[in-house]
**Student:** 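One structure, as C-alpha cells, below. Some questions next.
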There are 2 protein chains.
Amino acid sequence: MIKIRDLEYLIAIAEHKHFGHAAEACFVSQPTLSGQIQKLEQRLKLTLIERKTRNVMLTPAGEKLINEARQVLNAASNFEEAAKALLDPLSGDLHIGLIPTLAPYALPHIMPALNSTLPKINFYLHENRTQDLLQQLEQGKLDILILPWLPEMERFERYDLFAEPLVMATSQQHEFATKDQVNFDDLQQQKILTLEDGHCLRDQAMGYCFSAGAEEDHSFRATSLETLRYMVASNMGITLLPKLATLNPLSNKDIRYIPFLQPEPIREISLLCRAGYSRMDCVRAVANSVRESITPLFKNH
Amino acid sequence: MIKIRDLEYLIAIAEHKHFGHAAEACFVSQPTLSGQIQKLEQRLKLTLIERKTRNVMLTPAGEKLINEARQVLNAASNFEEAAKALLDPLSGDLHIGLIPTLAPYALPHIMPALNSTLPKINFYLHENRTQDLLQQLEQGKLDILILPWLPEMERFERYDLFAEPLVMATSQQHEFATKDQVNFDDLQQQKILTLEDGHCLRDQAMGYCFSAGAEEDHSFRATSLETLRYMVASNMGITLLPKLATLNPLSNKDIRYIPFLQPEPIREISLLCRAGYSRMDCVRAVANSVRESITPLFKNH
DNA sequence: TGAATTTCATAAGTAGATCTCATTAGCATT
DNA sequence: AATGCTAATGAGATCTACTTATGAAATTCA
C-alpha cells in the first residue's frame, strides 16, 4: 500500500519542480526525496517525473496521479482535524470560504466575536467566487462557506444566518438623491451599473432590477464592489449594494444609500458545510456567533 | 502524520471487534496490531477502543474517526487504481452498481460481452437501491452505476445506454390476456400490483398508471420483481414489468406480456460515473459494450 | 574549449519503527 | 479453583527512511 509521505513528496515536486526545494519544503534531505520518489515509481511501474538537469517536470501520468494524491492528503488531514476536534470540540483549524461581495464588509463585524467566543480555533479565511467555493467545500479544502443560498446548494447542510437588504446607491447629484426611500417602480427605465459575470450579487441585483423594468449599462462591468461604488459616486449611474457594504462612514461621502420600500430586495446569507461533517458543534457555534454579530446591525435602520 | 497502515488496523478492529481476528485479516500478528493501535491512541491522545476481555468495542470517539479513516483508505485505493489504470487503461478492478430491478435481467446479456471485450478488467457487481448507490459512487466505493436516470443525478457524468420499455404483465386468465397490445387508456380503473417503497421502478410504473387513471392495490407490496411476477401469474392483479425481465422463457409459462401501443412507458437506463473520474477510457468502453449487447434485444420485437 | 556551477543520483552507515515469537496478566465460564 | 480466551508486554530481528558525503551529467560562463 502507498504511503502518505510518498504522496507528500510527489506533490512537493509537482509544486516546486525542483528536487532540492521540494526536499526542503518537506524537511528532508534531497537524496531522501530522490530515493523515495524512485521507489514510488518502481512500485507503480510508472515514470512520474521527467528529470532534465535544469527543468524537472511531471510526466502526463504523474500529472494525472497528482489529483488523486491530493485527495488522499486531504482525507488524511481531515482525519487528523477530526481527531483534534474530538479532543477539544471547539479548537483546531477552520477554513471558511466567503464571496468577495460579502467578506470585506461582513468580516470586520463577525471576526472579533468569533475570535473571542472561539479563542482556540484558528480561522483561515478564503475569498472566492461561489462556484470555486462549492467545489473546495466538496473536496474538503474548506470546512464552512458563508454566502447567499441558491437551490443548487441543497446537497450541503445549511444554517440561515441573516437576510441582507440591498439598497440603492446614487451620487449626491442624482435625481433620487433627495428621496428617503425608493419603490420597486422607481427603477423603471433606469440604467443600472453591474458587476462582471460570476458574482452572484450581479444575478440577484439584476433579477430584481429587470423585473422592475430597469436596464443594464452594457458599456461597463465592474470587477469589484469598490469600483462600482466609485462609479456611482462619479454619477455614472446607479446600482444596488448590499447593506453591509454601506455601513462604513468613510465611503459615504459622495454617495447616497436609499432603502427600498415596497418589495425590498434581499439576499439570504447562509452558512454551509458538508452533510455529515464531523465538527458540527463547531459549525453551530460559528453560525450562532455570526447571527449575533450581524442582526443588531440591521435592527437600528 | 498518520500512517495508512494504522488506519487499516483501526478499521479491521472496528469490523471484527476482536484483536486476533483483525490481526489475521491484516496479515500481522496480534501483538503487532495491539501495539500499533496503542501508539495511534497515544499520538491522538484519544482512547479509540474499549477493551473488555470478551467484548472489544469502539469508543464514541473511535466510532466518529472510523468514517474519516475509511475516507482516507478509499482515496488511497483510488490512487492505486488510477496508477494501475495508467499502466494499462483497460485493466484493473471496476466496481459497478446496479438496481435490483435491472441487475438480474440485464447482467446475463451484458456480462459475456464485457468480459470478452475487456478481459483484463475484474468486474465487481453491487446490487442496491438507487439512493445507496449514489452515495457509494460519491464516496468512491463504486466506480460506475447503471440505472434509470433521474434529475438529481445531474452532478455525475452520464452516458445514455438504452431506453427500456415497460410492458403489461397479466395472467393467462385475465381479461387482457387475449390482446396483442394495450393502450394507455386500458389502464383506467385497473388495480395495479406494485413493488415496495424505494424501488425506482415503482415510482416510474405508478407515475404512468396513475395518470392513466389506474389504482394501486394497497393491500400488498412486493419486495422483488420475482414475487410480483408470481402474484401476477396467480391472477391477483396486473403490473408493469421492464422488458428485460420478460425475456426469459422459463418464467413465461403462466403469464402474458403485452406491449403498450399509444404512449409507451419507458425507463431511460444510463451509466453514471463521477465527473472527473480518472478512468474515462474504461467507462466509455463499458458503455459501448453494454449498448451493443442490449439494443439488439429490443429491435426484434 | 575548459572551468565552474547547478542539480539529481548513488553509496554507506545509522536510528527508529514495525514486525515476530514467547510469555504474562486479566476476565469469564465451568 | 481450574480452564480457556483474549489482549498486553518484553526481547530481539528486520526493515526502511533518513543522513552525510560523493559522483555524474548537463548548463553556464570565462
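Residue numbers start from 1 in every chain, and the chains themselves are labelled A, B, ... in the order their sequence lines are given, proteins ahead of strands. What you see is a predicted model; the values in this text were computed from it and never measured.
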**Student:** Round to a whole Å and report the spacing from CG of A:L7 to P of D:dA17.
**Tutor:** 13 Å
**Student:** Rounded to whole angstrom units, what separation is found between the CG atom of A:L40 and the P atom of D:dA17?
**Tutor:** 11 Å
**Student:** Inspect the contact between B:E196 and B:R129 and indicate whether a charged nitrogen and a carboxylate oxygen are less than 4.0 angstrom apart.
**Tutor:** yes
**Student:** Base contacts versus sugar-phosphate-only contacts with protein, heavy atoms under 4.0 Å: please encode nucleotides 2-16 of chain D as B, S and - from 5' to 3'.
**Tutor:** --BSSBBB-------
**Student:** Closer than 4.0 angstrom, basic N to acidic O: yes or no for B:E138 and A:R274?
**Tutor:** no
**Student:** Under the 3.5 angstrom rule, does the side chain of A:R279 hit a backbone N or O of A:S91 as a donor-acceptor pair?
**Tutor:** yes
**Student:** Rounded to the nearest 0.5 Å, how far does OG of B:S293 lie from CZ of B:R291?
**Tutor:** 11.5 Å
**Student:** At 10 degrees resolution, what angle do the end axes of the helix from C:dT1-D:dA30 to C:dT30-D:dA1 form when each is taken over five base pairs?
**Tutor:** 20°
**Student:** In terms of heavy-atom contacts, does CD of B:E24 have more than 12 from other residues, nucleotides or ligands at under 6.0 Å?
**Tutor:** no
**Student:** Hey, can you tell me if A:H126 and A:H95 have their rings parallel, tilted or perpendicular (30° and 60° cut-offs)?
**Tutor:** tilted
**Student:** So how far is it from A:K45 NZ to B:K84 NZ, rounded to the nearest 0.5 Å?
**Tutor:** 10.0 Å
**Student:** Does any donor atom in the side chain of A:Q36 or A:T32 lie under 3.5 Å from an acceptor atom in the other side chain?
**Tutor:** no
**Student:** Less than 4.0 Å between a side-chain N and a carboxylate O, is that true for A:R70 and A:E15?
**Tutor:** yes
**Student:** State whether the number of non-hydrogen atoms from other residues, nucleotides or ligands found under 6.0 Å of B:Y230 atom OH is greater than 12.
**Tutor:** no
**Student:** Taking 4.0 Å as the cut-off, does a side-chain nitrogen or oxygen of A:S29 come that near to OP1 or OP2 on D:dT19?
**Tutor:** yes
**Student:** For a 4.0 angstrom threshold against heavy atoms of chain A, report the outermost contacting nucleotides of DNA chain C in 5' to 3' order.
**Tutor:** C:dT6 to C:dT10
**Student:** When you check the phosphate oxygens OP1 and OP2 of D:dT19, does a side-chain N or O of A:T32 lie under 4.0 Å from one of them?
**Tutor:** yes
**Student:** Between P on D:dT19 and CG on A:L33, what's the gap in Å once rounded to a whole number?
**Tutor:** 10 Å
**Student:** So A:L147 and A:L102, side-chain contact (heavy atoms from CB on, under 4.5 Å) or not? Walk me through it.
**Tutor:** CA-CA 7 Å; A:L147 36 57; A:L102 178 64; 5.6 Å; no
